[in-house]
Amino acid sequence: MKSAVIVFPGSNRDRDMQYALTRITGDAPQMIWHAEPTLPPLDLIVLPGGFSYGDYLRTGAIAARSPVMRAVADAAAKGVPVLGVCNGFQILCEAGLLPGILMRNASLRFICRDVHLRVETADSPFTRAYAKGDVFRTPVAHGEGNYTADAETLARLNGEDRVAFRYVTAAGEATAEANANGSVENIAGILSDRRNVLGLMPHPENMIEPAHGNTGGRRLFESLTHTLVAA
Amino acid sequence: MSSASPIAAEPTITPALVAEHGLKPDEYQRILALIGREPTITELGIFSAMWNEHCSYKSSKRWLRTLPTRGPRVVYGPGENAGVVDIGDGQVVVFKMESHNHPSYIEPYQGAATGVGGILRDVFTMGARPIAAMNALFFGAPDHPKTQHLVSGVVGGIGGYGNSFGVPTIAGMVMFDPRYNGNILVNAFAAGLADRDAIFTSQAEGIGRPVVYLGSKTGRDGIHGATMASAAFGGEDSDEKRPTVQVGDPFAEKLLLEACLELMASGAVVAIQDMGAAGLTSSAVEMGAKGNLGIRLDLDRVPTREERMTAYEMMLSESQERMLMVLHADKEAEAAAIFRKWGLDFAIVGETTDDLRFRIIHGGHEVANLPIKDLGDQAPEYDRPWEAPEAHAPVLADTLAEPADYGATLLKLIGSPDVASRRWVWEQYDHLVQGNTVQRPGGDAGVVRIDGTTKALAFTTDVTPRYCAADPFEGAKQAVAETWRNLSAVGAEPLAITDNLNFGNPERPAIMGEFVAAIRGIDAACRALAYPVVSGNVSLYNETDGVGIPPTPTIGGVGLLPDHRAMATVALKTEGEAILLIGADGHHLGRSIYLRDVAGRDEGAPPPVDLDAERAAGDLVRRLIRQGKVTACHDISDGGLIVAVAEMAMAGGVGAIVTAPGGVNRLGWLFGEDQARYVVTCRPEDAAAILEAAGLAGVPGRSIGLTGGDSVGVAGLFGVSLAKLRAAHENWFPSMMAAG
């Protein structure tokens with residue numbers, strides 16, 4: 001699988017993503033500097049976690065206007081899967097590739113802890129190895145992951161089966177206590193209208209092997225591998 | 001001698017000006033004798049920066065020299081930016097701890113943030129990529145009016161910097177004591193990984209090589225005594241005063257990290273030094289003096305973010321995220337391209353010379369011309385008078401009445417300020433970034449695996465100020481021993497320590513006596529445990545209104561696991577396992593949490609540390625863990641045995657019932673803080689073999705109970721549900737922070 005991880009100056013989970021893709025897909029991704037105006041043909045583009053430009057303005061706001069983002073948008077328009085994790089999700093929203101925004105956590109504090117996610121749809125290149133309703137554990141690490149969108153957008157996301165993940169309890173219930181950051185309707189990740197762009201706040205790349213304490217994030221990457229895509 | 005030509009605004013050097021620079025009259029005489037003339041104001045600033053306590057260690061140096069700093073794995077001990085220890089396979093771990101106490105009290109968020117930034121720079125200056133961070137925080141009483149604000153700011157600042165930079169903050173400690181009310185302590189630790197043959201130091205080589213400035217621009221922030229100095233220079237600048245606390249920019253630091261590592265890999269770097277305390281001055285002097293070279297700096301080429309900065313201000317600025325390097329002359333263009341890629345300021349600001357002088361040119365004038373080696377070598381050194389601390393009698397359990405309700409007592413201790421869960425703190429730190437965290441905060445040590453291997457490094461930071469206040473010698477021994485124990489408790493081989501020595505005013509003989517005793521305690525423990533000191537930092541004058549802090553020699557310990565899959569954690573794993581006490585029965589309650597927080601008496605001698613027993617118990621436990629015989633392990637520290645068992649039960653969600661052996665004093669057995677002890681669990685069929693191994697190793701041990709159920713208790717005495725324990729343990733910190 002030909003994948004690429006876009007590296008912004010303040011990306012800091014780019015290596016984590018590189019490791020996860022290499023381990024699970026068997027192919028090392030290309031690491032592409034944000035100043036590149038063009039991209040080679042790819043099967044997957046990943047915008048990793050971090051603080052792309054320090055995020056002193058709004059998270060992802062400057063990165064969304066980075067040279068490489070035009071090429072990312074073009075690829076997304078052609079149907080190339082684009083995955084944005086944490087800061088990558090924030091950048092996708094700022095760039096208009098996904099609707100809605102990510103505000104400061106309701107607690108007003110950065111939060112690093114494991115959460116449980118419920119798979120809301122298996123109909124996407126990122127979730128097809130899961131079954132709808134599956135619950136898995138994976139960590140969050142962010143200060144601004146409080147997803148919100150206007151009522152019309154939410155209705156569309158729900159109506160078009162584009163909510164990919166929600167924060168839930170271990171038993172799979174979307175309660176207020178399970179909602180790590182105050183996101184509307186416990187939303188942790190969403191898909192684009194063509195279902196080839198996924199943004200999510202949690203870090204599946206940090207939960208892929210027994211040393212991480214759990215392998216709940218692994219299937220997201222397995223969904224993306226050729227064998228499963230072909231199946 | 002080539003005289004320094006005065007510039008228009010050059011003020012007269014008066015005794016008052018000398019005093020305002022923190023230089024004593026005899027120290028000023030020493031300067032006059034050294035240079036044979038009156039210094040310029042810039043030179044006076046340089047001397048004050050180089051000869052202050054922070055940079056020169058003038059009160060502590062003669063004692064620091066006595067510590068053991070060598071060992072078979074030590075590559076670089078104290079004297080470099082950080083200690084360097086071999087971990088095999090051509091790799092080294094590079095680490096250090098440093099305080100940022102005063103700035104954090106004045107402006108907690110930025111003070112703590114820049115403390116983290118400074119220690120990270122110390123590590124990557126040596127060519128190591130940071131892989132772990134920790135911090136030891138000491139606040140005043142929880143109900144003191146400033147505590148909430150300080151905790152919130154310090155924790156926010158540490159998280160704000162480390163999270164953005166991208167280093168996992170995987171361990172640490174937080175303590176409360178009213179003696180820190182007016183003087184909190186923020187000790188930040190960082191560790192990095194490098195190849196042994198790719199370590200960089202500050203030692204310059206070669207004449208006529210470019211001295212290069214890299215990183216953020218220089219501003220007027222952090223100038224010591226800058227307010228005074230700028231007023232003295234010219235009246236119209238008085239509105240240009242800046243607070244002496246610097247502002248951190250973790251994004252700039254991340255760029256600096258990547259640019260430095262890329263530059264080092266390119267082969268362009270001869271020597272490198274970060275600009276920390278006393279910025280441009282100490283970094284340039286360090287590079288020249290270590291390399292037996294002179295340095296000439298042209299300040300007109302230094303990138304500045306404010307106009308009309310004087311030479312004095314530029315030489316003393318402590319603006320953050322800056323580096324000074326000596327490069328190979330033919331690599332300049334390649335280096336410039338790397339800096340540009342990362343969008344960093346880059347300027348050739350000087351060159352190495354053969355005259356052993358430190359020359360500063362500004363506006364075409366030479367504003368300083370000093371003997372570069374003497375700035376460091378000839379710094380004053382004091383053997384300050386000291387008084388031995390007064391000894392206290394031990395408090396043994398049989399002199400105390402038993403509590404009416406043991407269950408309520410355990411609950412109280414589990415939710416007490418120094419025992420309660422620190423989750424509120426460490427959930428604000430990204431402890432997972434880099435994807436290598438294999439043991440998270442909340443256990444005995446944080447553990448990160450090493451990329452591409454099964455090896456892992458363990459990290460812990462420890463000190464018990466209430467012990468140190470009562471007996472600095474035993475307290476310092478205990479701090480070293482506890483780090484050694486915490487590393488052993490996860491299965492790691494303790495490698496070496498970094499020490500962060502926080503004390504009051506050394507000019508008081510009683511305080512100096514605490515310092516001397518603590519050094520002797522560290523020395524004794526490090527020698528007995530073959531556990532050298534490879535880096536450290538001394539922070540003196542920690543006092544407010546004449547009241548000093550308790551002596552606080554914080555120790556950061558680093559250990560190595562050959563295989564992280566054989567690591568132990570504190571969490572009980574399953575029902576029906578045997579619980580063993582490794583080490584002697586407890587009875588020592590002096591300075592215990594029980595005595596202070598339940599009996600209301602902060603009295604007695606702290607528990608003494610028998611270093612031979614410590615070593616025997618630790619070596620045994622580590623061996624058992626590596627043999628896979630231990631299913632959970634926790635050292636016994638604050639609160640004693642039953643608190644350790646309760647912490648293990650809460651972590652695993654499995655209850656535990658222990659039985660007090662006949663003939664022991666129950667109070668001391670449950671709550672005594674005797675040292676060199678662990679609680680371990682094992683499959684029931686392995687218990688006899690483990691106790692036999694303990695016997696052979698000369699380590700006391702006994703089977704004390706079984707895991708299971710949903711409560712923690714002592715057979716025939718009490719039981720408290722896990723739910724109640726967890727509520728008390730988890731709620732204390734958030735409630736304290738939410739209190740109005």
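The chains referred to below are lettered A, B, ... by the order of the sequence lines, with proteins before strands, and numbering in each begins at 1.
- With a threshold of 4.5 angstrom between heavy atoms, Leu255(B) approaches chain A through side-chain atoms but not through N, CA, C or O.
- With a threshold of 4.5 angstrom between heavy atoms, Ser164(B) approaches chain A through its backbone and through its side chain.
- Options His564(B), Glu258(B), Arg449(B) differ in how many heavy-atom pairs under 4.5 Å they form with chain A, and the most are formed by Arg449(B).
- Chain A forms the most heavy-atom pairs under 4.5 Å with one residue out of Ala252(B), Gly159(B), Gly156(B), Pro250(B), and that residue is Pro250(B).
- Distance CD/Gln434(B) to CG/Asp16(A): 7.0 Å, rounded to 0.5 Å.
- If you tally non-hydrogen atom pairs under 4.5 Å between each of Asp14(A), Ile208(A), Asp114(A), Val140(A) and chain B, the highest count goes to Asp114(A).
- Both the backbone and the side chain of His431(B) come within less than 4.5 Å of a heavy atom of chain A.
- Not counting sequence neighbours, the partners of Glu120(A) by the salt bridge (charged side-chain N to carboxylate O under 4.0 Å, His left out) test are Arg118(A), Arg166(A).
- Applying the salt bridge (Lys or Arg N to Asp or Glu O under 4.0 Å) test to pairs two or more places apart or on separate chains, those with a residue in residues 427-439 of chain B are Arg13(A)-Asp430(B), Arg113(A)-Glu427(B), Arg423(B)-Glu427(B).
- Of the two parts of Asp249(B), the backbone and the side chain both hold a non-hydrogen atom closer than 4.5 Å to a non-hydrogen atom of chain A.
- The backbone N or O of Val167(B) sits nowhere less than 3.5 Å from a side-chain atom of Asn12(A) that would complete a donor-acceptor pair.
- Within residues 335-344 of chain B, the residues having any heavy atom less than 4.5 Å from a heavy atom of chain A are, in residue-number order, Lys341(B), Trp342(B).
- Partners of Asp563(B) under the salt bridge (charged side-chain N to carboxylate O under 4.0 Å, His left out) rule, at least two apart in sequence or in another chain, are Arg565(B).
- Heavy-atom pairs under 4.5 Å with chain A peak, among Asp451(B), Asn163(B), Val438(B), at Asn163(B).
- Proximity to chain B is absent for every atom of Glu205(A), based on heavy atoms less than 4.5 angstrom apart.
- When all heavy atoms of Arg109(A) and Trp424(B) are compared, the pair lying nearest together is CZ-NE1, 3.3 Å.
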From CA spacing to verdict: side-chain contact (heavy atoms from CB on, under 4.5 Å), Arg15(A), Arg129(B): CA-CA 13 Å; Arg15(A) 290 159 205 272; Arg129(B) 179 176 284 278; 2.6 Å; yes

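- Only the side chain of Met207(A) comes within contact range of chain B, with heavy atoms under 4.5 Å apart.
- With a 4.5 Å cut-off on non-hydrogen atoms, Ser107(A) does not touch chain B at all.
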